[in-house]
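This report concerns only the one structure given below.
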There are 2 protein chains.
Amino acid sequence: MSVRRDPEGRRRTIVRAAMRVIAEVGRGQVTHRLIAARAEVPLGSTTYYFPTLDDLVVTAMREATEDARAQLEAWAEELMRSDDQVTTLVDLIAGYLADREQALLEYELYLAAARAPDLRPSAALWLDGLRGICSRLAGGYERGVALAALVDGALLQALVTGDPLDTEGLRAGVAGLVSPRTTAGST
Amino acid sequence: MSVRRDPEGRRRTIVRAAMRVIAEVGRGQVTHRLIAARAEVPLGSTTYYFPTLDDLVVTAMREATEDARAQLEAWAEELMRSDDQVTTLVDLIAGYLADREQALLEYELYLAAARAPDLRPSAALWLDGLRGICSRLAGGYERGVALAALVDGALLQALVTGDPLDTEGLRAGVAGLVSPRTTAGST
DNA sequence: CCTTCTCCTGTACGGTTGTACATGTACAGA
DNA sequence: TCTGTACATGTACAACCGTACAGGAGAAGG
């Protein structure tokens, strides 16, 4: 009954390794050999499961958005439970930046989508999720779009500068965009 | 009197070509040969003026921030002259996105700074400029930081999705963060 | 004219890359 | 047990890479 051969699992191992490598060295520096070493599988395995390196990279990036999407749902739940949504949102953003590598990976993917149209649907899916959450917070779609841009920009800037998140500035901005009713506590 | 030999000019030609290539294919895919072809100079020239490819890429990226910095000053002037700064800012952002390649190059640089510390000063310089402008608009540093994040996020998202800028959403957000006095017209 | 220096470039080389593939191995069905 | 099929991998190769460098070519000073 025990499966000595586990193609599905092995495939996933490779994809997860690819994600880690991309997060570390960036999309442009990824090679079959780096991924194989990280996954602790022979080089041949990486070419067996994916016809081309680009396929592997794209798969890894899609997987990364899947993760991000899941995390976003956790955000939504936490915000629903919270009675101080501004503080909660700021905390969530700060928490997101705690895993810098994961964040870097996602923004690498994000920007890659700007150049590679086949990655765009994944990126758009995440962005739609964020906008949905923000719209609920801001009490309106337009302000929600703006709030999502604010969150996105704050994350990007924190990553780029390497400085810790400017929570006061962020809080001021979020408070300015969240609808007063939401700030007060009730829906 | 005519200078057949023009080392300075040739060097600049190579750097500008490098900028274009980076904008097109991304930082990770840049090669000496691509740059040489784009600049219409022999391969040897690209290695003559720059000891290593990385030096060339870094130089090109610094040059790009220099351009961005100059553009930012133009923004500041235009905003000073304007009597409807919200509209002007939205228009400036839309105008920035008109040259998609240039914008892509800058955001590539931006994200590259997240991984390469030696690029961070350039990126930080630009961000400080943006924050300065935004602080003047928002009437306070904290709100200015938030407004800068909003602008940055809006640009990034427009680049990533490939969709045209959501001007209504952006306008709503900017209006919410710009100080009422500034919105009305006076300082 | 010659010398000298900087600019310039074609060619070459060692190293790394993506990918192909022959060979082997474990498992399922007969 | 035998056989076929999917899984697995070590090795090989052509292509491309960054970089080095010998040597040509023009300008400047004598």
Side-chain angles (χ1 to χ4, degrees), chain A residues 1-63 108-109 112 115-116 118-119, chain B residues 1-63 108-109 112 115-116 118-119:
Chain A
M1 191 60 73
S2 71
V3 275
R4 299 284 306 275
R5 295 252 180 130
D6 182 11
E8 210 67 29
R10 184 160 264 252
R11 196 187 140 96
R12 260 224 306 278
T13 303
I14 294 172
V15 172
R16 306 304 292 193
M19 288 170 58
R20 294 217 302 280
V21 172
I22 295 172
E24 278 172 26
V25 304
R27 196 199 182 197
Q29 315 300 326
V30 174
T31 68
H32 276 127
R33 286 161 177 87
L34 276 178
I35 296 170
R38 173 66 60 146
E40 295 180 22
V41 301
L43 171 62
S45 292
T46 62
T47 66
Y48 176 76
Y49 284 98
F50 302 90
T52 176
L53 177 62
D54 215 60
D55 285 311
L56 174 48
V57 170
V58 167
T59 304
M61 291 200 147
R62 281 202 230 278
E63 185 80 6
E108 188 100 21
L109 151 70
R115 229 188 290 278
D118 51 329
L119 285 174
Chain B
M1 190 58 76
S2 72
V3 273
R4 300 281 308 273
R5 297 256 181 126
D6 182 13
E8 209 67 29
R10 184 158 264 253
R11 196 186 141 97
R12 259 224 307 280
T13 301
I14 293 172
V15 172
R16 305 305 291 193
M19 288 170 58
R20 293 218 302 279
V21 171
I22 296 170
E24 278 172 24
V25 304
R27 197 199 182 196
Q29 316 300 328
V30 174
T31 69
H32 276 126
R33 287 163 176 85
L34 276 179
I35 296 171
R38 174 64 61 142
E40 296 181 23
V41 300
L43 170 62
S45 291
T46 62
T47 66
Y48 176 76
Y49 285 96
F50 301 90
T52 177
L53 177 62
D54 214 62
D55 285 310
L56 174 48
V57 170
V58 168
T59 304
M61 291 201 147
R62 281 203 229 279
E63 185 80 6
E108 187 98 22
L109 150 70
R115 229 186 285 275
D118 52 327
L119 285 174

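So you know, we letter chains A, B, ... as the sequences are listed, proteins then strands, and number each from 1.
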query = Nearest of dT19(D), dG10(D), dT19(C) to any side-chain atom of P42(A)?
reply = dG10(D)
message = I want to check something: taking the side chain as every heavy atom from C-beta on, are R38(A) and R16(A) in contact at a cut-off of under 4.5 Å?
response = no
inquiry  = Students often get this wrong, so: under 4.0 angstrom with heavy atoms, is T31(B) touching a base, only sugar-phosphate, or nothing?
reply    = sugar-phosphate
message = So R10(A), base contact, sugar-phosphate only, or nothing? Heavy-atom distance under 4.0 Å.
response = sugar-phosphate
ask   = Rounded to the nearest Å, what distance is computed from the CZ atom of residue R33(B) to the P atom of nucleotide dG18(D)?
value = 6 Å
query = Would R11(A) and T59(A) satisfy side-chain contact (heavy atoms from CB on, under 4.5 Å), going step by step from the backbone distance to the final call?
reply = CA-CA 11 Å; R11(A) 196 187 140 96; T59(A) 304; 4.2 Å; yes
ask   = Pick from V41(A), V15(A), I14(A): which one makes a side-chain contact (heavy atoms from CB on, under 4.5 Å) with I35(A)?
value = I14(A)
ask   = Looking only at side-chain N and O atoms, does Y48(B) come under 4.0 Å of OP1 or OP2 in dT9(C)?
value = no
inquiry  = Taking only side-chain N and O atoms of S45(A), does any of them lie within less than 4.0 angstrom of OP1 or OP2 on dT9(D)?
reply    = yes
task = Kindly say whether A23(B) contributes a backbone atom to a donor-acceptor pair with the side chain of R115(A) at under 3.5 angstrom?
result = yes
task = Select one nucleotide: of dG10(C), dC21(C), dT19(D), the one nearest the side-chain heavy atoms of T47(B).
result = dT19(D)
query = Roughly how many Å is it from CG in D55(B) to C1' in dG18(D), rounded to a whole number?
reply = 13 Å
message = Please report the distance, rounded to the nearest Å, between CG in D6(A) and P in dA28(C).
response = 13 Å
inquiry  = Without decimals, in angstroms, what is the distance between E8(B) CD and dT6(C) P?
reply    = 16 Å
